[in-house]
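Down below is the structure, laid out as structure tokens.
Sequence lines set the chain letters: A, B, ... in the order given, protein chains first and strands last, and positions in each chain run from 1.
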Protein chains: 2
Amino acid sequence: MRRFRGEAENKVDNKGRVSIPAAFRRILEEGDPDWSSGLNPNLVIVYGRRNRKCLEGYSIGSIEIVDNLVSNLPRYSKEREILERLLNSQSLYIQLDENGRIILPLKLRKLVEIQTTAVFVGMGEKFQIWNPTNYISDMNLIEKNLSENNLEEELYSLLANVKNQN
Amino acid sequence: MRRFRGEAENKVDNKGRVSIPAAFRRILEEGDPDWSSGLNPNLVIVYGRRNRKCLEGYSIGSIEIVDNLVSNLPRYSKEREILERLLNSQSLYIQLDENGRIILPLKLRKLVEIQTTAVFVGMGEKFQIWNPTNYISDMNLIEKNLSENNLEEELYSLLANVKNQN
DNA sequence: TTGATTCCCATAATTTTCCATGATATAAAC
DNA sequence: GTTTATATCATGGAAAATTATGGGAATCAA
């Protein structure tokens with residue numbers, strides 16, 4: 001399954017309409033079992049992540065994988081209850097329209113402070129939707145984290161390992 | 001798996017189109033599980049490498065290994081989220097066109113100061129794309145480092161040792 | 001009936017696809 | 001080992017398709 005990659009900045013109009021970047025649409029299409037050429041793919045938006053000022057978009061295939069992981073946790077365990085709540089009550093099933101757009105309800109826009117512009121960020125099996133300024137801050141935070149925890153070296157040693165795994 | 005080797009300088013037109021050197025295409029084809037004769041291979045461009053004024057190209061096979069290493073970290077762990085962000089948001093999935101070209105989006109060209117010409121540099125399991133002048137400077141830096149510390153001999157004796165240990 | 005939501009159409013800008021060509025390179029023939 | 005044919009490469013231009021975005025009519029809900 002291909003992954004969400006890259007960043008894109010799109011306009012949000014006062015009806016809440018935003019284009020999903022074309023590259024992301026392709027991934028949503030591939031990940032939607034009900035999709036076939038000519039149809040509009042579906043996705044799931046998860047909005048309940050605290051300490052995170054962004055929305056998260058999953059293809060149908062990806063969200064099913066996450067759902068199944070949760071189902072495998074012990075029933076009534078604390079973790080499972082929390083995840084179930086997060087993933088089920090704080091999420092939304094959406095279908096792209098004919099033009100490749102979705103409508104972000106006002107409630108969600110307010111939640112993540114999105115007004116006229118949204119940044120789409122590829123995160124592999126999911127993507128994030130940010131207010132542009134908040135995204136920049138978050139990136140800066142990550143940069144800082146990287147240098148402090150020496151994670152960058154770790155990442156690139158992972159990259160270096162590519163050779164060894166062959 | 002064969003490796004990216006050698007240097008090549010190609011034109012970039014104002015749409016951002018560049019030919020991938022034919023030799024590199026062969027490696028991309030071999031490294032793309034979906035590729036078969038007649039099709040155009042895919043690759044992933046990583047651009048978010050700080051302190052480096054170049055882009056990096058990976059075959060699908062190589063980048064998948066890296067992706068899987070990250071996927072093995074606990075889902076939603078801080079570490080994983082950071083690495084996912086770096087790896088996925090600062091990269092791009094691209095398919096070669098019928099003529100063996102890719103298009104480098106303006107954003108990436110600006111990032112590495114590429115205008116009318118790009119230098120492709122084989123780096124084994126990946127390749128780099130440079131602005132010609134920046135590439136020369138980087139090479140000079142390496143040369144300088146080598147001669148100042150008489151590193152070259154040392155490096156090659158390092159290689160000799162590796163060989164003996166195998 | 002008034003505000004919101006959905007659907008349909010319009011369009012400029014961008015991106016992709018297709019075709020053409022001179023330049024290299026590779027192979028074949030003598 | 002030249003010369004000749006054949007294929008592939010790098011590059012440019014233009015047509016065709018897609019994208020991102022806006023506006024308005026139709027529909028719905030309170």
Nearest whole angstrom, please: distance from the C1' of dT11(C) to the NZ of Lys11(A).
16 Å
Decide side-chain hydrogen bond (donor to acceptor under 3.5 Å, both in side chains) for Tyr135(B) and Glu7(B); before the verdict, give the C-alpha distance in whole Å, the side-chain angles of both, and the deciding distance to 0.1 Å.
CA-CA 11 Å; Tyr135(B) 178 57; Glu7(B) 299 164 327; 2.5 Å; yes
Please tabulate, one pair per line, each protein N/O and nucleotide N/O from nucleotides 21-24 of chain C that are separated by under 3.5 Å, including the distance.
none

Co-membership, hydrophobic cluster, residues Leu96(B) and Leu104(B), 4.5 Å side-chain
yes
Quick one: which of Glu125(B), Glu30(B), Glu29(B) gives a salt bridge (charged side-chain N to carboxylate O under 4.0 Å, His left out) with Arg2(B)?
Glu30(B)
Taking only Lys NZ, Arg NE, NH1 and NH2, and the carboxylate oxygens of Asp or Glu, determine whether Glu81(B) and Lys78(B) approach each other closer than 4.0 Å.
no
Side-chain donor or acceptor of Gln95(B) paired with backbone N/O of Asn40(B) under 3.5 Å
yes
For atom CD1 of Ile102(A) and atom C1' of dC7(C), their distance in whole Å:
17 Å
Start and end of chain A contact along DNA chain D [non-hydrogen atoms, under 4.0 Å]:
dT19(D) to dG24(D)
Leu106(A) CG - dA4(C) P separation (whole Å)
9 Å
With no hydrogens and no angle check, just 3.5 Å: does a side-chain donor-acceptor pair link Arg5(A) and Ser91(B)?
yes
Calculate the interatomic distance between Gln95(A) atom CD and dT5(C) atom C1'; express it in whole Å.
16 Å
If Ile, Leu, Val, Met, Phe, Trp and Tyr residues are connected whenever their side-chain heavy atoms lie under 4.5 Å apart, and connections chain through other members, are Ile20(B) and Ile94(B) in the same group?
yes
Using whole Å, what does the distance between atom C1' of nucleotide dT6(C) and atom CG of Leu96(A) come to?
15 Å
Any chain of hydrophobic side-chain contacts (each under 4.5 Å) joining Ile103(A) to Leu28(A)?
no
What integer distance in Å separates Ile103(B):CD1 from dT14(C):C1'?
9 Å
In whole angstroms, how far is the P atom of dT5(C) from the CD1 atom of Ile94(A)?
13 Å
Nearest-Å distance, NZ (Lys107(B)) to P (dT15(C))?
12 Å
Hydrophobic clusters here meaning ILVMFWY residues chained together by side-chain heavy-atom distances under 4.5 Å, can you tell me if Val66(A) and Val121(A) are in one?
no
Base, sugar-phosphate or nothing for Asn99(B)? Non-hydrogen atoms, less than 4.0 Å.
base
Which pair of heavy atoms, one from Asn134(B) and one from Val112(B), lies closest together, and at what distance?
ND2-O, 3.9 Å
Among residues 13-35 of chain B, which ones have heavy-atom contacts with DNA chain C below 4.0 Å?
Lys15(B), Arg17(B)
If hydrophobic clusters are built by linking Ile, Leu, Val, Met, Phe, Trp and Tyr wherever their side-chain heavy atoms come under 4.5 Å apart, do Ile27(B) and Phe127(B) end up in the same one?
yes
